[in-house]
Amino acid sequence: MRLLSDPLPLRVAADLPRYRAEAAARVLPWVYGRVTLSPVPLDDAGLDWLVADHPVVAVEAVRSAGKALDGWQLVQRLDETGRAIATVRLTRAPEAELAVQVVGRRDDTSGALLEHPAAIAADLLRRCGWSPAADAFQGLRDDFPGMALGLVFAERETALRAAIGRVIEPLGAVWFADPPTARRRALGVPVTTLDVRVVDQVTAEASAGDLATVARSAFAYDWAANGARQSVTVQAPDAVREFGLLEVEMDLGGVRTARDALAIAQARLADLARPSWTIRATVDGGLQVERGESVTMAHPRVPAGAALVLSTARDRARGTLELVLWMPAGAAPRVEMTQRGQAVDASRPDDSVTYKDGVATFTITDAGGNPLAGAAVTLDGQETRETDAQGRVQFRTERGAHTLDVYLAGYAPFALEVMV
């Protein structure tokens, strides 16, 4: 069994008896959910390409220089070492780099696609020799029902702890491995009260260094393009008026939908947009308190109220438990979306935009993907038109980067950054 500090057991092309010489150092990826990636070349003819170092559910499309190819076939087979791999075979060598849309690894028992964060985290443990229970990371399933991620692991030095962190921590959740559990990083029902009867030492420090009032969150990462294809910006308007524009970048790379990215960004900014206290307490070692649980602070030397346990360290020699806690000051502020950004490659079909004969057709949706009918859409601050019943609006424009400002009663105004 690998330790959390040990690297993932990823292979490179040189571990195979047959591979293209210049690809020897390329890592053979592990793929979860739906992603786009650059495959690893396996032969000198440019016809055999590895998409995952394991079987996959499907390959949905293969593109070269942004253009869809039709002469390809998904071949799942054993490599020369007896390991199952997923490859794409072409009928002719591509003229440029390939980008492959992959539906990744499936559960070995149920056959279901591994795309929920709980399923991905548990599978990473299994592939590193652990034996997590069927309900491992159940807290993630409870807190994020329906969540679907798309992730590629292709860095050989990535430690198991860091890999699981990539799955869980961007969601605003905390986790620990023994046993494998996780939950949303949010105040919940207190499990105990910390008062003078159980607290030995306690200090509180105002935490203003992490204060933020605006968050830009990048998501829908494209491993072939090496960048996120979408972003959402949220702000806490009351906090902006009180503290000014304090911006923070959030990397939500594995999150696939605008709906999920918006919900995560709003929840995380609601915590960051208010001052807080960091409390350090030495308490009776008999207390059963875990990271991610909430407690009630009722000690005269520190502010009173609900606090979230960020970390625990048990000192068995002294019979004490060292806690670090986060306590927000005041209620969570209102957070609203102010901008959505989307990178659109005109050579790649996309439901949100089409371009033909100099006319761009945009489909405007809310964060849940529902079309917005009757919205006023302004292109580059100049021309304004209204969306139809399907949320579509057309403008005659040139290719390139454009900004769409969207206004609709009942919604906060937002902007879309689009590349046509």
Side-chain angles (χ1 to χ4, degrees), residues 33-36 60-61 101 103 115 144-150 170-171 214-222 225 227-235 250 252-269 334-356 359-397 399-420:
R34 287 175 164 81
V35 304
T36 300
E60 295 182 319
Q101 290 178 221
V103 185
E115 59 179 350
F144 302 96
M147 173 72 69
L149 303 183
L171 308 180
V214 178
R216 183 181 185 276
S217 302
F219 65 100
Y221 199 86
D222 184 327
R229 298 198 65 83
Q230 297 189 55
S231 67
V232 60
T233 301
V234 296
Q235 73 170 15
M250 294 181 184
L252 309 182
V255 176
R256 287 176 42 210
T257 69
R259 177 193 59 206
D260 289 336
L262 177 61
I264 293 168
Q266 287 178 318
R268 290 179 59 181
L269 186 62
R334 174 173 58 91
V335 178
E336 61 185 31
M337 182 178 71
T338 59
Q339 189 175 55
R340 281 171 54 197
Q342 183 166 351
V344 177
D345 184 343
S347 63
R348 297 177 60 174
D350 189 281
D351 291 339
S352 64
V353 63
T354 58
Y355 189 82
K356 184 178 181 180
V359 176
T361 302
F362 302 98
T363 300
I364 309 300
T365 63
D366 63 16
N370 305 303
L372 295 180
V377 181
T378 302
L379 176 69
D380 297 332
Q382 298 178 358
E383 184 179 4
T384 300
R385 295 190 177 183
E386 190 171 290
T387 58
D388 63 16
Q390 286 73 46
R392 294 176 302 200
V393 63
Q394 290 185 330
F395 294 95
R396 180 169 291 279
T397 186
R399 294 189 183 273
H402 299 280
T403 298
L404 302 176
D405 293 296
V406 182
Y407 302 88
L408 180 63
Y411 290 82
F414 62 91
L416 296 174
E417 299 171 352
V418 181
M419 181 67 71
V420 175

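Numbering starts at 1 and runs along the sequence shown. If you're wondering where the values come from, they're calculated on a predicted model, not measured in any experiment.
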K.L.:
Walk me through whether V377 and F395 qualify under side chain to side chain contact (heavy atoms under 4.5 Å, CB included).
P.N.:
CA-CA 10 Å; V377 181; F395 294 95; 4.1 Å; yes

K.L.:
Are any side-chain N or O atoms of Y221 and backbone N or O atoms of G150, one a donor and one an acceptor, separated by less than 3.5 Å?
P.N.:
no

K.L.:
My understanding is that only one of L252, T257, L262 makes a side-chain contact (heavy atoms from CB on, under 4.5 Å) with F219; could you say which?
P.N.:
L252

K.L.:
For R259, give me all partners under salt bridge (Lys or Arg N to Asp or Glu O under 4.0 Å), at least two apart in sequence or on another chain.
P.N.:
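Once residues adjacent in sequence are excluded, R259 has no partner under the salt bridge (Lys or Arg N to Asp or Glu O under 4.0 Å) criterion.
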
K.L.:
Is there a donor-acceptor pair closer than 3.5 Å between any side-chain N or O of D222 and the backbone N or O of A228?
P.N.:
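No: the side chain of D222 does not pair with the backbone of A228.
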
K.L.:
Please give me the minimum heavy-atom distance between Q101 and T36, naming the atom from each residue.
P.N.:
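Minimum heavy-atom contact is CG-OG1, 3.6 Å.
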
K.L.:
Is there a donor-acceptor pair closer than 3.5 Å between any side-chain N or O of T403 and the backbone N or O of D380?
P.N.:
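Pair absent, no side-chain N/O of T403 close to backbone of D380.
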
K.L.:
Can you tell me how far apart OH (Y355) and OG1 (T397) are? Round to the nearest 0.5 Å.
P.N.:
6.5 Å

K.L.:
Do T361 and Q394 pair up side chain to side chain, a donor and an acceptor below 3.5 Å, judged on atom types alone?
P.N.:
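Indeed, the side chains of T361 and Q394 share at least one donor-acceptor pair under 3.5 Å.
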
K.L.:
How long is the straight-line distance from CD of Q339 back to CZ of R216, given to the nearest 0.5 Å?
P.N.:
7.5 Å

K.L.:
Check the pair L149, E115 against side chain to side chain contact (heavy atoms under 4.5 Å, CB included), reporting the backbone distance first and the verdict last.
P.N.:
CA-CA 5 Å; L149 303 183; E115 59 179 350; 5.8 Å; no

K.L.:
For the CG atom of D366 and the CG atom of L408, what is their distance to the nearest 0.5 Å?
P.N.:
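Between D366 CG and L408 CG, I get 9.5 Å after rounding to 0.5 Å.
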
K.L.:
Ignoring hydrogens, what is the shortest heavy-atom contact between A265 and S217? Give both atom names and the distance.
P.N.:
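Of all heavy-atom pairs spanning A265 and S217, the closest is CB-OG, 3.4 Å.
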
K.L.:
Could you give me the CA-CA distance, side-chain angles and deciding distance for F414 and V232, then say whether side chain to side chain contact (heavy atoms under 4.5 Å, CB included) is met?
P.N.:
CA-CA 10 Å; F414 62 91; V232 60; over 6 Å; no

K.L.:
Quick one: does any side-chain atom of R268 pair with a main-chain N or O of P170 as donor and acceptor, under 3.5 Å?
P.N.:
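Confirmed, R268 side chain pairs with P170 backbone.
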
K.L.:
In Å, rounded to the nearest 0.5 Å, how long is the span from CG of L404 to OG1 of T378?
P.N.:
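Output value for this atom pair is 9.0 Å.
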
K.L.:
Of the non-hydrogen atoms in V234 and Q266, which two are nearest, and what is the gap between them?
P.N.:
CG1-CG, 4.1 Å

K.L.:
I want to check something: taking the side chain as every heavy atom from C-beta on, are D260 and L171 in contact at a cut-off of under 4.5 Å?
P.N.:
no

K.L.:
Between R340 (side chain only) and T365 (backbone N and O only), is there a donor and an acceptor less than 3.5 Å apart?
P.N.:
yes

K.L.:
Mind checking what makes salt bridge (Lys or Arg N to Asp or Glu O under 4.0 Å) contact with E336, not counting sequence neighbours?
P.N.:
R334

K.L.:
If you measure from CG on D388 to OG1 on T363, what distance do you get to the nearest 0.5 Å?
P.N.:
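It comes to 8.0 Å.
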
K.L.:
Which heavy atom in L269 sits nearest to a heavy atom in M250, and how many Å separate them?
P.N.:
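So the minimum-distance heavy-atom pair works out to N-CE, 4.0 Å.
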
K.L.:
Roughly how far, to the nearest 0.5 Å, is the CD1 atom of I264 from the CZ atom of F144?
P.N.:
6.0 Å

